[in-house]
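In what follows, a single structure is set out as structure tokens and then discussed.
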Amino acid sequence: MDSPQLLFYVNGQKEESCDLTTSGLNYIRLTGTKYGCGGGDCGACTVMISRYNPSTKTIRHHPVNACLTPICSLYGTAVTTVEGIGSTRTRLHPIQERIAKCHGTQCGFCTPGMVMSMYTLLRNHPEPTLDQLTDALGGNLCRCTGYRPIIDACKTFCKASGCCQSKENGVCCLDEVKNGMAEFQEGDETSPELFSEEEFLPLDPTQELIFPPELMRIAEKQPPKTRVFYGDRLTWISPVTLKELVEAKFKYSQAPIVMGYTSVGPEIKFKGVFHPIIISPDRTEELGVVSQAWDGLTLGAGLSLDQVKDILADVVQKLPEEKTQTYRALLKHLRTLAGSQIRNMADGERRIPLSEQFLRKCPEADLKPQEVLVSVNIPWSRKWEFVSAFRQAQRHQNALAIVNCGMRVLFREGGGVIEELSILYGGVGSTTVSAKNSCQRLIGRPWNEEMLDTACRLVLDEVTLAGSAPGGKVEFKRTLIISFLFKFYLEVSQSLKREDPGHYPSLAGNYESALEDLDSKHHWRTLTHQNVDPMQLPQDPIGRPIMHLSGIKHATGEAIYCDDMPAVDRELFLTFVTSSRAHAKIVSIDLSEALSLPGVVDIITADHLMEANTFGTETFLATDEVHCVGHLICAVIADSETRAKQVAKQVKVVYRDLEPLILTIEEAIQHKSFLESERKLECGNVDEAFKIVDQIIEGEIHIGGQEHFYMETQSMLVVPKGEDGEIDVYVSTQFPRYVQDIVAATLKLSVNKVMCHVRRVGGAFGGKTGKTSILAAITAFAASKHGRAVRCILERGEDMLITGGRHPYLGKYKVSRRTVREGFVLQLEHSSRQMDGRCSAALTGRTTNTSTRVLRDMTSVERMVCCVSMEQVPLGEAGFMNDGRILVLDVEHYCNGGCSLDESLWVIEMGLLKMDNAYKFPNLRCRGWACRTNLPSNTALRGFGFPQAGLVTEACITEVAIKCGLSPEQLWTSRSSTSDNHTPLPPAPGGLESPSPRSSSAFSLLTLTLRPEVRSINMYKQIDNTHYKQEFNAAPLSECWRECMAKCSYSERKTAVGKFNTENSWKKRGMAVIPLKFPVGIGSVAMGQVRTPEVQGVSKTLPTAPQLHPMTGRETAAALVHIYLDGSALVSHGGIEMGQGVHTKMIQVVSRELRMPMSSVHLRGTSTETVPNANASGGSVVADLNGLAVKAQTAFDQSISLSAIGYFRGYESDINWEKGEGHPFEYFVFGAACSEVEIDCLTGSHKNIRTDIVMDVGNSINPALDIGQVEGAFIQGMGLYTIEELSYSPQGVLYSRGPNQYKIPAIRDIPTEMHISFLPPSERSNTLYSSKGLGESGVFLGCSLFFAIHDAVRAARQERGISGPWKLTSPLTPEKIRMACEDKFTKMMSLDPLFPGTYLFESNGDL
């Protein structure tokens, strides 16, 4: 039978034929439609589908994930991609312009998907609400920006309103106080906006693409009949009538019925399921029915999720609440899901109740294979009937529920006695589970607390979960089962009170908040950045918020990434076969069946590579043993990606397991399995200090690993040139020189014949250095061997399995504190060298009360120049006082390095060098080990050891504060100022007046520090030395701390938090302020090189993995600038553009130095052909190094030549690990962050209410880019410490291999309020225009949320009388938060004694 024509339009162009098995993404595959995950969870491939309905004469636009859209489903539709709405060659669409000019792009890989989600919303709603905006972007992920600039861009289309349209907790954002806390003061000085709305193109709906008239005519005139499309392996049947659908299903009973493809698509892609016949009734009108009758609302089984949401929302709005209880519960669930479509089922001539039997798929109640379901009837709710639904997931939106449930109760008229009760749970079994027996036993009982207690115990007995249940989290799931039941009890009790106020009691006031959701839909921010000098020339771009160089191209899809490059003639595709065992002997590898398949060209093993299989400390392909799941075994080369993957599945590997299997840090310590010897730093005399203290605290903290989750997976294209062995490598990497070196070594070529090219990188964060180079070397070997271009693009799951991520970390600490006699002043801190000592003589040795009288007798000037440090915080009944000052700290750091060295030693070294963060420990010993385990090798990730090491230190500080009975933050802080432009000082305690600010520089203006809290009292002060004896100025640190405390209104809001916590039992709030001292400068002139023995008198230098051992010498950089006769300039430098805006900053530098407009400067991609021997891009120094090289070169150009190389030798950097001292860093970035959160004690959810960040950035070259770096890093850190969790099996298999299982923050997870401030420039330095690199430091500030959550959990535990400590682990997921908030429900848990551990590998990514 002939197949009908498959007709659809793409961007106004007719498409008429294609391979039926391909996805919409693979067919459409214009440069703007990106592959991000292949499972519909990231939104990078979003396109708009428009479909004409001849019955209603309307066109419906909806966004879809092209990666899951089967090509046959596009029949009769118009597909619009980002290229179709605007381009730099035609005109920009307003959404493209605004997302670029609002600085909503960084790496740009996710931007086309964001644009298309928003574009579709605008086609349906030209003036959307903020709710609609947030929902539209809920299915799109971004790893770079932190979402807020994207929201800013999209908000410009919303209806103008002075209100944020949010009235959370009954309080409007325009009220003076929001959520019980002080607002950011309107009087605070903010900088000019980063963009101007007045310059934006207006949105004109009349200018949009029209729906193709041909498709309208076909839909109107073509007789309805079944369409059958035939392919080589697939038959696609698309019935038009219900009769045809039933006939097709009867004939092909095993064929799946699909509409949205969200169930069948992932099965085909990820599980290898193949369906030769698929039935898709996408135009069967009977499946789109919507009708209301006496018995309820009937919805057709073919309605999409968005249609169901709109229908239910309309019904809920129009009908009384009494009738719509069920619809409201459904809406609550639907609003937390992404835009996936409903899976279609069908039914024939019988009605099937959606009963327990149906949900359990009992044969007598389930659909028969030949049956289809036409519609679902949802009955109206009745008077005295109440329906609720609850769910808990890893994040707020676009995440599968850990547990969800639906509950319904019907009372006898006016009596409050249960007549009907239904309780059903999802996520606790293979099917939906009904607590039917429990419900039966509760019928006839009154709705009271006694009933609740009985119900909880009955349900726990009936809904059982063994400790070995799939997915783990058993204790958490069981707690959620009854926590949801309690929430239902409260909801119904509240509703009963509304129905009959005189008969039913009110809820206790402190219980009401348990019913409020923690969803954050509306976001706003303020920014305070530096203004340029008024004397600066207008054309000088330095210090101005210049848009990202590629921002417009990101938004139009014209920015080309590695996989966007067109196919080369006779191009081959390479994919890898990886180990399925964590530690095993390879008994045999059988390639015979794989090599017999069509399309296969070759399979490369270690035998082919021979001695080239090893480079430095890394081995490319496994030889005799595998050391992790994901270990590369061989590489398959075929004529297409599809065939390469099919061939790879037919490679047969036989293993024999080996012992020991080491997966965790604890197991590595037990087996003494380390990659390198101990690293150690020590200052003071630790052992002697421990002898003289009388209190010692010991503790430990686990920090889980983190996936890079760059949006662009590992990608490379290698093209042999055919002449002289030359080869071009196009690769997404941070380190072109290393790729060049390793490829040259593998192919036995001189380096000058291998050229590595990088136009841009779609995110990297440290993950595209060492492993990328290995993959490129194998790909280059294949290309060289066969003389053909070879492309290798890892799928998301492969990428996460093979490449490793941030190191899981274990920190163990032992810290001492000192105690003193009550009320005595032990010391005075002098703030002026001219102070005559009267304060010391008057106060030393006196008690608190006496000291206060003495201070009152002093003049105001004398009070201003002295700061009393009174150690007077009560410590239990012992009668001693303690100020929280840490005298001695002994800490051990362990990182899980995986199966090979990679960057692990460097991570441990950086962790030890940076572990002090902002604190001065007079006696400190820190030791570190990189553990060898049977996991994939972990590697660099943004922050590089500091986010883990710093958290260990902050956990120690927090525990000391708790033991001392103090707040970790300082409530009354010293304040110094030398001008009238100051932050208002808080009132002095103890009835003393605060000193008045003065402009005279002769005095330091101070408030009296009568309660020095733990963080502030241990901070570095002024000029000081680190524990490795590097001197630095800590004044900006103190300034950041003070500014943050003032701008966040800490004292007032902390009081409001305490008040909230006393008034709410099941919701708690917490606050935390975290300081930051981040050292910058990690280089060596010998970066990535080791000296090999001399051969025949020639000393040869071979590159190794990009590590700095020993860390001596300098980082280096080079740049090339051509100046042409027309006055234009072409710039090349060694830095990689991966979202941080380095190319933009380099053009700003050239523009200033050559005094030419930025429009006259062009920058092409990075290449080893133009700039050789460049260092890796990372460590926050890319702009520093390359900018100084560009600056040096332009000066050279001006005096000598129109084309020359500029060279910057780099910063001095050295550390002697034997002596434990050196100067490893050039400068320090300082900052502070305050975060406030609210947690739900019953579910473990948390909401980020507000974050304030203050940063010392030197002189910002581009405030827009720098703010983006700080904010994006902060959100990435927030993910690290709260929701991003890697899960492994006991055999070392990574479960979380994509966004479906691994959750990075989405748009609803970011803080509702965010305020970012840059300090004014404080000092000149030898960096680029005295700027500072900000790429990494902000990650650590994300732990302010971690400790704010800890503060909230501690409040819950204290209220429940739980005084003992609870073990800190990161990330603080909903599971850990809920289980730490112990209560009467957690005490009901009884675990299976055979399976005592119910968390899925508690150590957070370290199994």
Side-chain angles (χ1 to χ4, degrees), residues 55-56 241-243 245-246 257 259 281 284-334 342-362 364-368 371-389 404-415 417-424 426 432 434-436 439-440 443 488 491-492 495-496 499:
S55 300
T56 61
T241 67
L242 182 60
K243 180 176 180 295
L245 172 60
V246 173
I257 295 178
M259 292 288 281
T284 304
E285 290 191 9
E286 292 92 333
L287 300 185
V289 64
V290 180
S291 63
Q292 297 183 29
W294 65 270
D295 60 344
L297 178 67
T298 298
L299 300 177
L303 294 171
S304 74
L305 183 91
D306 284 335
Q307 290 173 309
V308 171
K309 287 171 63 179
D310 292 342
I311 293 165
L312 292 179
D314 185 62
V315 170
V316 164
Q317 187 175 11
K318 293 179 178 179
L319 296 179
E321 182 178 349
E322 179 182 290
K323 296 185 66 175
T324 59
Q325 292 272 327
T326 305
Y327 310 140
R328 292 173 188 273
L330 285 171
L331 268 176
K332 183 179 177 181
H333 269 214
L334 290 175
I342 295 174
R343 185 184 68 172
N344 290 275
M345 298 184 296
D347 113 2
E349 297 181 357
R350 62 191 179 110
R351 294 175 67 89
I352 302 176
L354 295 180
S355 62
E356 176 197 0
Q357 288 76 22
F358 175 82
L359 296 171
R360 290 172 52 195
K361 299 185 178 181
C362 297
E364 66 275 9
D366 199 6
L367 295 176
K368 296 180 173 60
E371 291 181 323
V372 294
L373 182 70
V374 176
S375 61
V376 176
N377 177 266
I378 309 172
W380 312 114
S381 53
R382 295 163 283 177
K383 187 174 178 58
W384 300 107
E385 183 178 33
F386 304 98
V387 183
S388 294
N404 54 26
C405 72
M407 299 181 183
R408 180 185 66 90
V409 64
L410 175 66
F411 294 106
R412 296 172 188 170
E413 184 71 26
V417 175
I418 299 172
E419 184 173 310
E420 295 179 16
L421 181 62
S422 300
I423 301 174
L424 298 104
T432 303
S434 171
K436 178 181 178 181
C439 293
Q440 287 294 325
I443 291 175
F488 183 56
E491 278 195 8
V492 173
S495 299
L496 288 172
E499 293 285 337

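Everything quoted here is computed from the prediction, not taken from an experiment. In this chain, numbering begins with 1 at the start of the sequence shown.
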Seminar exercise, completed: Output for pair (E321 CD, F386 CZ), nearest 0.5 Å, gives 9.0 Å

For this session: Using the ring pair (Phe, Tyr, Trp, His ring centres under 6.0 Å) rule, collect all pairs that involve residues 304-325, keeping only residues at least two apart or in two chains.
Result: none

Seminar exercise, completed: W384 meets the side-chain hydrogen bond (donor to acceptor under 3.5 Å, both in side chains) criterion, sequence neighbours left out, with E413

Exercise. Do T298 side-chain atoms and N377 backbone N/O form a donor-acceptor pair below 3.5 Å?
Worked result: no

Exercise. V290 versus Q307: any side-chain heavy-atom pair under 4.5 Å?
Worked result: no

Exercise. Does the pair E420/R382 count as a salt bridge with the N-to-O cut at 4.0 Å?
Worked result: yes

Problem set entry | Enclosure of E286 CD (heavy-atom neighbours >12, cutoff 6.0 Å) | yes

Seminar exercise, completed: With sequence neighbours left out, the residues meeting side-chain hydrogen bond (donor to acceptor under 3.5 Å, both in side chains) with S291 are none

Exercise. NZ of K243: more than 12 outside heavy atoms within 6.0 angstrom?
Worked result: no

For this session: Mind listing the closest non-hydrogen atom pair of L297 and I311 along with its distance?
Result: CD2-CG2, 4.2 Å

Exercise. In Å and rounded to the nearest 0.5 Å, what is the CZ to CG distance from R408 to L424?
Worked result: 9.5 Å

Exercise. Okay, side chain of W380, backbone of E322: is any donor-acceptor separation there less than 3.5 Å?
Worked result: no

Problem set entry | Pairwise side-chain contact, I378 with L330, heavy-atom cut-off 4.5 Å (strictly under) | yes

Problem set entry | Smallest separation among heavy atoms of I257 and P281, with atom names | CG2-CD, 3.6 Å

